[in-house]
Amino acid sequence: MAPPSRRLLLRNLPKIDALQRLPGVEALCTAHGRERVTETLRILVEELRQELAGEKAGQERMDIWMEQLAESVETRLQEDLHTLLQPAINATGVLVHTNLGRVPLAARAIERMREVAGVYSTLEYDLAKGCRGSRSVHAQRLLSRLFPGGVEAHVVNNNAAAVLLALNTLAEGKEVVVSRGELVEIGGSFRIPDVMRKGQAILREVGSTNRTRLSDYEEAIGPQTALLLKVHTSNYRIVGFTAQVPLPELVRLGKRRGLPVMLDQGSGNLLDLAPRGVKDESPAQSLLAQGADLVTFSGDKLLGGPQAGILAGRSDLIERIRKNPLSRALRVDKITYAALEGTLQAYVTGRAEEEVPVLRMLAETAESLKARARRCSDRVRELSAGRVVAEILPGSSLVGGGAAPLEELPTWLLAVGCRDKSANDLEEALRRRRPPVIARIQDDRLVMDLRTVPIDQEEELAQAAAALGEARATR
Ligand SMILES: *Cc1c(COP(=O)(O)O)cnc(C)c1O
């Protein structure tokens with residue numbers, strides 16, 4: 001039983017309607033709505049009641065509570081509006097980082113999104129005829145420009161959807177021949193055998209994990225066969241005693257037996273990136289030039305655009321794919337088309353390596369990265385008055401994201417340390433900032449790779465690193 005003074009205090013808890021009329025609180029109703037304000041007041045009063053019922057708090061606590069009330073209500077209301085999706089600084093050096101939204105978009109893509117987002121648009125309207133048109137015309141023309149002799153293409157939600165749709169259209173109830181060495185799993189949830197099943201196609205595995213010959217494919221072909229499939233093994237590589245059938249050979253077999261050949265390329269690379277150190281990624285154009293009937297790839301890996309899946313190839317196959325009722329369930333919206341078109345414009349005008357962020361990052365030289373890392377380490381020492389130890393060391397960036405993730409690009413890392421704090425503590429402190437800085441731990445040291453940090457985030461990064469030297473970290 002609480003003492004009498006406490007009982008009195010509890011009986012005199014402020015009433016909600018009186019609190020609502022306080023000028024500071026009243027003002028919040030305009031921005032947040034009366035109901036949300038009232039609800040928040042109830043919660044705060046209940047919290048105060050519980051506090052006062054305990055032994056510690058008294059009248060002074062109630063006075064402070066009243067003084068800070070409007071501010072507390074506003075803080076709570078703002079917290080409600082916080083979104084979990086927020087900008088982050090990617091200092092991991094992984095260029096295509098699926099957990100961090102894969103890739104940043106080009107300015108042109110963002111501009112195109114802005115143009116159509118807040119107004120009506122000609123998404124499915126044929127201006128020439130003044131009637132309903134088709135949304136699939138949008139990226140079509142620009143994509144076509146990028147393939148010698150043009151190409152027919154169809155855009156869906158992502159590459160997983162593209163593969164699903166292609167298998168279902170071309171091989172529903174029929175067999176698809178794939179090498180055992182190419183039954184990949186990407187990102188834990190995309191597995192070719194599972195997608196195959198969901199697409200109602202029957203998987204016909206051939207060869208062994210490390211070796212598949214043309215004769216293996218040949219012997220598997222029967223009256224039930226509808227498609228020959230190759231999958232780019234983008235997130236692992238089988239080394240040693242290996243053999244996979246090169247695409248042109250498979251194409252010849254397909255022609256002989258009247259079967260289409262599909263290639264899941266994955267990365268969406270449209271340029272020859274070998275000079276940039278990415279050797280295992282043939283551009284989609286060259287795969288079609290080698291005779292593939294259909295290629296599928298992501299919009300948000302090395303292509304550098306929005307999340308999307310693109311199917312490109314023989315026009316009769318694309319036509320059948322468009323007519324599949326599943327297409328409706330997998331289609332993309334105006335924002336995606338706008339971003340994809342903006343990105344493709346950069347390619348068509350030959351400016352992709354300057355304008356598309358992932359390609360720009362890929363092209364940055366180790367020399368330039370070394371100079372930036374050095375500048376940052378100087379800045380960290382300066383800002384932290386020497387409390388944070390910063391130095392640079394050579395390392396590698398990764399392409400990542402199921403697109404040539406094994407390809408390592410030479411870079412320079414910024415390594416930071418602070419007295420007795422562990423690398424894990426430092427990593428967590430960076431992650432808890434706003435915006436969060438996502439770094440990497442390597443050999444028990446906290447390291448940051450500037451390859452994935454644009455110049456205009458460099459100062460923010462240096463400040464974050466310098467703040468690690470403050471007593472209570474940076475929470
Ligand atoms: C990334 C990838 C996929 C999945 O693509 P999403 O766009 O993530 O759906 C499928 N196949 C290959 C070969 C890939 O690299």
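Numbers here are sequence positions counted from 1. In listed order, ligands and their atoms are each counted from 1. Quantities reported herein were computed from a predicted structural model and do not represent experimental measurements. Values below: all heavy atoms of this structure, side chains included; hydrogens, waters and symmetry mates excluded.
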ask   = What pair of heavy atoms forms the shortest contact from Ala139 to Val155, and how long is it?
value = CB-CG2, 4.0 Å
ask   = Between Val156, Asn159, Leu263, which one has a non-hydrogen atom sitting closest to atom 5 (O) of ligand 1?
value = Asn159
query = Which is it for Glu115 and Arg112 under the salt bridge (charged side-chain N to carboxylate O under 4.0 Å, His left out) test, yes or no, and what are the steps along the way?
reply = CA-CA 5 Å; Glu115 263 170 35; Arg112 295 283 290 120; 2.7 Å; yes
query = Does any donor atom in the side chain of Glu459 or Gln463 lie under 3.5 Å from an acceptor atom in the other side chain?
reply = yes
query = CG/Asp444 to CG/Asn424 distance, rounded to the nearest 0.5 angstrom?
reply = 8.0 Å
Region of Glu281 engaging ligand 1 - heavy atom pairs below 4.0 Å = neither
ask   = Is the closest heavy atom of Gln307 to ligand 1 under 4.0 Å?
value = no
request  = Give the minimum heavy-atom separation between Trp412 and Ala366, together with the two atoms involved.
outcome  = CD1-O, 3.4 Å
request  = Examine Ala160 against ligand 1 and note whether any of their N/O atoms are separated by less than 3.5 Å.
outcome  = yes
message = For ligand 1 and Ser298, I'd like to know whether there is a polar contact (N/O to N/O, distance under 3.5 Å).
response = yes
inquiry  = Asp264 versus ligand 1: do any nitrogen or oxygen atoms come within less than 3.5 Å of each other?
reply    = yes
key: Derivation of the salt bridge (charged side-chain N to carboxylate O under 4.0 Å, His left out) call for Lys334 and Glu124   = CA-CA 9 Å; Lys334 58 177 183 278; Glu124 279 187 9; over 6 Å; no
ask   = Does ligand 1 have an atom under 4.0 Å from some heavy atom of Arg102?
value = yes
ask   = Going by heavy atoms in the side chains, are Ile202 and Gln224 under 4.5 Å from each other?
value = no
ask   = Would one find an N or O of Ser267, backbone or side chain, under 3.5 Å from an N or O of ligand 1?
value = no
inquiry  = Could you tell me, atom by atom, which parts of ligand 1 come under 4.0 Å of a heavy atom of Lys301?
reply    = 1 (C), 2 (C), 3 (C), 14 (C), 15 (O)
key: ligand 1 atoms in contact with His232 (distance to a heavy atom under 4.0 Å)   = 13 (C)
inquiry  = Let's go through Glu364 and Arg451 carefully: what are the C-alpha distance in whole Å and the side-chain angles of both, what is the deciding distance for salt bridge (charged side-chain N to carboxylate O under 4.0 Å, His left out) to 0.1 Å, and is it a yes or a no?
reply    = CA-CA 7 Å; Glu364 184 161 7; Arg451 189 185 287 278; 6.0 Å; no
query = Do any nitrogen or oxygen atoms of Asp300 come within less than 3.5 Å of a nitrogen or oxygen of ligand 1?
reply = no
